[in-house]
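Here's the structure we're looking at; comments come further down.
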Amino acid sequence: MTQPFTLIADVFDQLMFDVDYEEWVDYIEALLTFSDHPVTEILDVACGTATPTWILHRRGYRVWGIDRSLPMLRVARRKTGGKVPLLAADMRMFHLRKQFDAVLCIFDSLNNLLSEQDLEMAFRRAREHLKDGGVFIFDMNSIAALKDYWDTDVKVKETPHLVSIWRTTYNSQNHTSRLEITVFVKRKNGWIRLDEVHVERGYPIRTVLQLLRRAGFQKAEAFHHLTLRPATENSLRFTVVAR
């Protein structure tokens, strides 16, 4: 089976045409104030095609990015023009020999980890790469999002040069959602078809906070996404700030 974020890498930014990245980064900047000291150096884990990474760079931060998908990193390198260090690495098993003021992992990347063990491993790697007093900021789709919003459904997105079909199937036994994405891309000589399968798992907020404590974080708060209101299990997306 093709690894996720492989075939669709070159069209990923087109698929995400409806995401307000600037708003998302505005929110991240607001949460960076939770750090005990000014934030200048940031590590973006699972940076993908590096759109938010590049926005942060343009806003004056020194940013590094890592991602396990080589095709996504190729797109990211074209976008950033060599001005941002971008490395191939698994979020569970990376060692950069450098610490940062903040570590980010956004756009529900952590939901791609399908076991509590893997999630804790990723949290430990983030902790190891943080300076004392730094912040780890990440967001996740909740169980409610996978169950009630993704659900078992078919959705279609269309632009002049791309049509995508998103088929989701929710498994209530393990709180996972299987996404089968089919993309038709318009080329000069006709349309081509791309198919990938992605699986995300939802976790209770209390479990996420427990795993953070086990990974060495002293304090963590979960917010309803894009706000400073405490998250609940009914929040479709929650953002965590761990210190």
Side-chain angles (χ1 to χ4, degrees), residues 3-16 19-113 118-119 121-140 212 215-217 239-243:
Q3 288 292 322
F5 304 104
T6 301
L7 297 178
I8 67 170
D10 285 333
V11 298
F12 182 80
D13 288 344
Q14 296 178 61
L15 290 171
M16 298 293 108
V19 175
D20 189 338
Y21 286 102
E22 295 285 350
E23 178 187 40
W24 211 298
V25 174
D26 288 344
Y27 182 52
I28 294 297
E29 280 201 289
L31 297 179
L32 290 176
T33 62
F34 282 72
S35 172
D36 288 344
H37 47 73
V39 173
T40 59
E41 291 190 304
I42 299 174
L43 174 64
D44 189 1
V45 175
C47 65
T49 61
T51 297
T53 321
W54 185 233
I55 294 172
L56 286 164
H57 169 81
R58 296 202 316 267
R59 294 188 183 187
Y61 298 96
R62 295 195 295 273
V63 193
W64 291 41
I66 66 168
D67 200 281
R68 67 177 296 182
S69 169
L70 294 178
M72 295 284 274
L73 284 175
R74 282 197 292 271
V75 176
R77 290 184 178 117
R78 291 198 299 267
K79 182 181 299 179
T80 58
K83 295 180 180 179
V84 175
L86 297 169
L87 306 172
D90 188 310
M91 71 175 82
R92 300 165 296 178
M93 298 178 288
F94 67 95
H95 301 280
L96 303 183
R97 298 182 182 179
K98 178 177 174 58
Q99 291 185 316
F100 299 82
D101 303 311
V103 175
L104 311 179
C105 189
I106 54 180
F107 297 109
D108 52 271
S109 297
L110 286 163
N111 288 102
N112 291 283
L113 301 179
D118 281 350
L119 196 57
M121 288 174 64
F123 290 166
R124 289 184 181 277
R125 298 295 83 73
R127 176 65 188 89
E128 289 170 4
H129 289 80
L130 268 179
K131 297 175 184 177
D132 288 342
V135 289
F136 176 33
I137 300 171
F138 62 91
D139 63 77
M140 299 184 75
L212 284 165
F217 288 94
T239 297
V240 175
V241 180
R243 288 169 280 180

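All figures in this text were calculated on a predicted structure; none of them were measured in a lab.
Counting all heavy atoms, side chain and backbone alike, M72 lies closest to F5 at CG-O, 3.4 Å. When all heavy atoms are compared, the tightest approach of S35 to H37 is OG-O, 2.8 Å. The heavy-atom pair separating L130 from A102 by the smallest distance is CD2-CA, 3.7 Å. Taking each heavy atom of V39 and L32 in turn, the nearest pair found is CG2-O, 3.9 Å. Shown here for L87 and L96, the closest heavy-atom pair between the two residues is CD1-CD2, 3.7 Å. Closest non-hydrogen pair, H129 versus R97, comes out as NE2-N, 4.4 Å.
Residues satisfying the ring pair (Phe, Tyr, Trp, His ring centres under 6.0 Å) test with F107, not counting sequence neighbours, are Y21, W24.
R74 has no carboxylate O lying under 4.0 Å from a charged side-chain N of D67, or vice versa, which leaves the two without a salt bridge. Residues D101 and R243 are not paired through a salt bridge, judged by the lack of any N-O separation under 4.0 Å between the basic side chain and the carboxylate. Here D10 pairs with R78 in a salt bridge; the nearest charged N to carboxylate O distance falls below 4.0 Å.
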Please assess R62 against D44 for the test salt bridge (charged side-chain N to carboxylate O under 4.0 Å, His left out), listing each intermediate value before the final yes or no. CA-CA 11 Å; R62 295 195 295 273; D44 189 1; over 6 Å; no
Which is it for K131 and D36 under the salt bridge (charged side-chain N to carboxylate O under 4.0 Å, His left out) test, yes or no, and what are the steps along the way? CA-CA 10 Å; K131 297 175 184 177; D36 288 344; over 6 Å; no
If you apply the rule side-chain contact (heavy atoms from CB on, under 4.5 Å), what do you find for T239 with Y27, and how did you get there? CA-CA 10 Å; T239 297; Y27 182 52; 3.6 Å; yes
Verdict with supporting geometry, F94 and V45, side-chain contact (heavy atoms from CB on, under 4.5 Å): CA-CA 10 Å; F94 67 95; V45 175; 4.1 Å; yes
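In this structure, the side chains of W64 and L43 come closer than 4.5 Å at one or more pairs of heavy atoms. No side-chain heavy atom of F136 sits less than 4.5 Å from a side-chain heavy atom of R127. When side chains are defined from C-beta on, R59 counts as touching E22, because their heavy atoms get closer than 4.5 Å. For the pair R92/R68, a side-chain contact is recorded, criterion being any heavy-atom separation below 4.5 Å from C-beta on. V135 has its side chain out of reach of L31: every pair of non-hydrogen atoms, C-beta onward, lies at least 4.5 Å apart. Looking at heavy atoms from C-beta onward, M16 lies out of side-chain contact with T49 at the 4.5 angstrom threshold.
Taking the six-membered ring where the residue is Trp, W54 and H57 present parallel rings, their angle staying beneath 30° rather than reaching 60°.
Between atom CZ of residue F138 and atom CG of residue D108 there is a gap of 12.5 Å, rounded to the nearest 0.5 Å. Note: I28 CD1 to D139 CG = 7.0 Å, rounded to the nearest 0.5 Å. One distance of note links CE of M121 with CG of L113; it measures 9.0 Å at 0.5 Å rounding. In this structure, the separation between CD1 on I106 and OG1 on T53 is 7.0 Å, given to the nearest 0.5 Å. Atoms CG and CE, from D118 and M91 in turn, are 9.5 Å apart once rounded to the nearest 0.5 Å. Atom SG of residue C47 and atom CG of residue L73 lie 5.5 Å apart, to the nearest 0.5 angstrom.
Panel note: side chain E41, backbone V63; no donor-acceptor pair is recorded below 3.5 Å.
With a 6.0 Å radius and a threshold of 12 heavy atoms from other residues, nucleotides or ligands, K98 has its NZ atom above the threshold.
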